[in-house]
Amino acid sequence: MSLAALHADRAERFDVARARADFPCLQQTVHGRPLVFLDTAASAQKPRVVIDELARMLREDYANIHRGIYDLSQRATERHDAARAKVRGLLNAGEAREIVFTRNATEGINLVAQSFVRPGVRPGDQVLITAMEHHANIVPWQLLASQCGLELAVAPITDEGELVVGELEALLSPRTKLVAVAWVSNALGTVNPVEEIIRLAHGRGVPVLLDAAQAVQHLPVDVRQLDCDFLVFSGHKLYGPSGIGALYGKAELLEAMPPYQGGGEMISSVSFAGTEFNEIPHKFEAGTPAIEAAVALGTAIDYVQDLGLGAIARHEAELLAYATEQMERVPGLHLVGTARHKCSVLSFVMDQAHPQDIGTLLDLDGIAIRTGQHCAQPAIERLGHSATARASLGLYNTGDDIDALVASLRRVAAMF
Ligand SMILES: Cc1ncc(COP(=O)(O)O)c(C=O)c1O
């Protein structure tokens, strides 16, 4: 077999048992039962290589970056720069300077709100979002509304949780300053047709921000092929540490934007008369960053790329289909969010039990799911509910996890 064929063959097969063994947290019991972790949409568990790299970085290569002439600081700086290069590679951005390290996806959206949209906004200008957004892609725009008169336009979704693309198109107008959409809905699992959305928006000269918080860990991403203007994600949902995320922005846009916060590192020269700002991306990275978290995010990216994002996507798609089929057979259970194109998320309600009761009873069986509004209250309410239970999948989940979930849900159904 040629080397290329070997690689292709390896990418085809996904050895979930082997991958699962990489996650120490999954090896425990909860309430005397093996942990079944089905809350990856909230935050993913961490593979041993990420945990080890965090500890190793703090033990061996830690110093503040960009500041020291000494070897240790230069090593830390090199490791941090390498992590940025890995994020560039993950997203297939053209240049590493188009990657701004942030705390998380939320901070990336707030940065775009304050530094891209806010300057030059006139009362009545709009940002166009959808009815299935996470609060992180709603509230920053509402803050701008109170600060400078920005309006929020919201494209509707169907009862199945699909975006009505024609309505989104109709809402585009000369007043639209930005389209900001979730690639994948954390509450419903809907995968939005982002290529089409970008094409429609660009056809009207409107830039697009993709909230990829639920996408980068499930789908291969290529910002140049997509031609999106901005994209944000969080490291902790990509099997990396919390406290680190990234904003991708086209270089010409980032260069034209004013800084988000002021402080050290984001300047090239400071006097009391005025300050010259550093180049991108440093202009947007005021203060000491999450150094070890950025480096360990780079390790998480290596980890998923080594497993193969395509192989992970196929494994999760099979599991989602199996879980959907099995859960639909549980008496009194209704899936919330049944879009044709979904990934990794199963939101549901049961006739017999409140989501909170479902979550509590499943926990007694060692099964971790999320209950409530999933930081997407408008989406949940649009589909006619005040709360749902949500099981969400990661690369380490198995058919056995789904069987355990379904058995436990059947017990809940029988109990009420
Ligand atoms: C679609 C989506 N956007 C944004 C966020 C916010 O992510 P973070 O809290 O890591 O900033 C989340 C988190 O669940 C999400 O699912």
Side-chain angles (χ1 to χ4, degrees), residues 11 44 50 79-112 115-116 134 136-137 178-184 186 191-195 197-199 201-202 207-241 244-255 257 280-285 289-290 293-313 343-344 395:
V50 168
R79 304 299 307 270
H80 193 260
D81 288 348
R84 197 188 304 276
K86 289 177 188 182
V87 176
R88 185 212 67 71
L90 176 80
L91 305 180
N92 196 30
E95 305 175 67
R97 66 194 186 110
E98 295 180 309
I99 306 299
V100 179
F101 277 125
T102 60
R103 277 190 305 130
N104 46 35
T106 301
E107 189 175 53
I109 297 172
N110 277 277
L111 195 162
V112 173
S115 292
F116 179 70
H134 187 280
N137 195 27
L178 181 75
V179 173
V181 293
W183 190 336
V184 177
N186 68 306
V191 180
N192 278 316
V194 290
E195 293 88 351
I197 294 169
I198 291 166
R199 187 176 51 74
H202 284 181
V208 178
L209 177 153
L210 291 184
D211 172 0
Q214 297 294 344
V216 285
Q217 63 278 47
H218 301 298
L219 309 166
V221 176
D222 184 333
V223 291
R224 276 186 286 179
Q225 197 183 344
L226 284 166
D227 197 29
C228 60
D229 301 277
F230 298 102
L231 179 145
V232 297
F233 74 90
S234 293
H236 68 96
K237 295 183 199 282
L238 182 62
Y239 309 98
I244 188 76
L247 160 71
Y248 157 79
K250 285 181 178 166
E252 67 269 24
L253 297 179
L254 292 178
E255 270 170 349
M257 287 158 56
I280 62 166
H282 309 294
K283 181 171 75 170
F284 297 108
E285 295 179 353
V295 172
L297 170 61
T299 306
I301 291 171
D302 288 342
Y303 178 75
V304 291
Q305 287 183 329
D306 205 36
L307 290 179
L309 276 156
I312 293 172
C343 119
S344 73
L395 65 89

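In this structure Lys283 satisfies the salt bridge (charged side-chain N to carboxylate O under 4.0 Å, His left out) test with no other residue, sequence neighbours excluded. For Arg88, there are no salt bridge (charged side-chain N to carboxylate O under 4.0 Å, His left out) partners, not counting sequence neighbours. Partners of Asp302 under the side-chain hydrogen bond (donor to acceptor under 3.5 Å, both in side chains) rule, at least two apart in sequence or in another chain, are Lys86. Residues meeting the side chain to side chain contact (heavy atoms under 4.5 Å, CB included) test with Ala213, sequence neighbours left out: Ala105, Asp211, Lys237. Contacts of Asp222 classified as salt bridge (charged side-chain N to carboxylate O under 4.0 Å, His left out), with partners at least two apart in sequence or in another chain: none. Residues passing the ring-ring contact (aromatic ring centres under 6.0 Å, His included) test with His282 are His66, sequence neighbours excluded.
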Handout entry: Audit row: Trp183, Val216, side chain to side chain contact (heavy atoms under 4.5 Å, CB included) steps and yes/no
Key = CA-CA 9 Å; Trp183 190 336; Val216 285; over 6 Å; no
Practice task
I would like to know whether Val87 and Phe101 meet side chain to side chain contact (heavy atoms under 4.5 Å, CB included); could you show each step before the answer?
Solution key: CA-CA 9 Å; Val87 176; Phe101 277 125; 4.0 Å; yes
Problem - Chi angles and distances behind the side chain to side chain contact (heavy atoms under 4.5 Å, CB included) call for Val232, Thr102 - result: CA-CA 9 Å; Val232 297; Thr102 60; over 6 Å; no
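Using a cutoff of 4.0 Å between basic side-chain nitrogens and carboxylate oxygens, Asp227 and Arg199 are not scored as salt-bridged. A salt bridge links Glu285 with Arg84: the closest approach of a Lys/Arg side-chain nitrogen to an acidic carboxylate oxygen falls below 4.0 angstrom. Salt bridge absent: Lys250 and Glu252 never bring a charged side-chain N and a carboxylate O closer than 4.0 Å.
A distance of 12.5 Å separates CG of Leu111 from OG1 of Thr106, quoted to the nearest 0.5 Å. How far CZ of Phe233 is from CG of Leu238: 6.0 Å, rounded to the nearest 0.5 Å. With values rounded to the nearest 0.5 angstrom, Glu98 atom CD is found 10.5 Å from Leu247 atom CG. With rounding to the nearest 0.5 angstrom, the CD1 atom of Ile301 is 5.0 Å from the CG atom of Leu90. For the atom pair CG (Leu210) and CG (Leu226), the distance works out to 6.0 Å, reported to the nearest 0.5 Å. A distance of 6.0 Å separates CG in Leu307 from CG in Leu395, rounded to the nearest 0.5 Å.
Closest non-hydrogen pair, Ala293 versus Ile244, comes out as O-CG2, 3.7 Å. When all heavy atoms are compared, the tightest approach of Val50 to Pro241 is CG1-CD, 4.3 Å. What you find for His218 and Cys343 is that their closest heavy atoms are CB-SG, 3.6 Å. For the pair Arg103 and Glu107, the tightest heavy-atom approach, listed with the atom from each and the gap, is N-OE1, 2.6 Å. A pairwise comparison of heavy atoms in Ile280 and Ala251 identifies CD1-O, 3.9 Å as the closest pair. When all heavy atoms of Ala294 and Ala83 are compared, the closest pair comes out as O-CB, 3.2 Å.
Counting only heavy atoms from C-beta outward, the side chains of Phe230 and Leu254 approach each other to under 4.5 Å.
In terms of modelled atom types and a separation under 3.5 Å, the side chain of Asp229 and the main chain of Val208 share a donor-acceptor contact. Distance alone, capped at 3.5 Å, places no donor-acceptor pair between the Asn186 side chain and the Gln214 backbone.
No close placement of the Tyr303 and Tyr239 rings is indicated, their centers lying 6.0 Å or farther apart.
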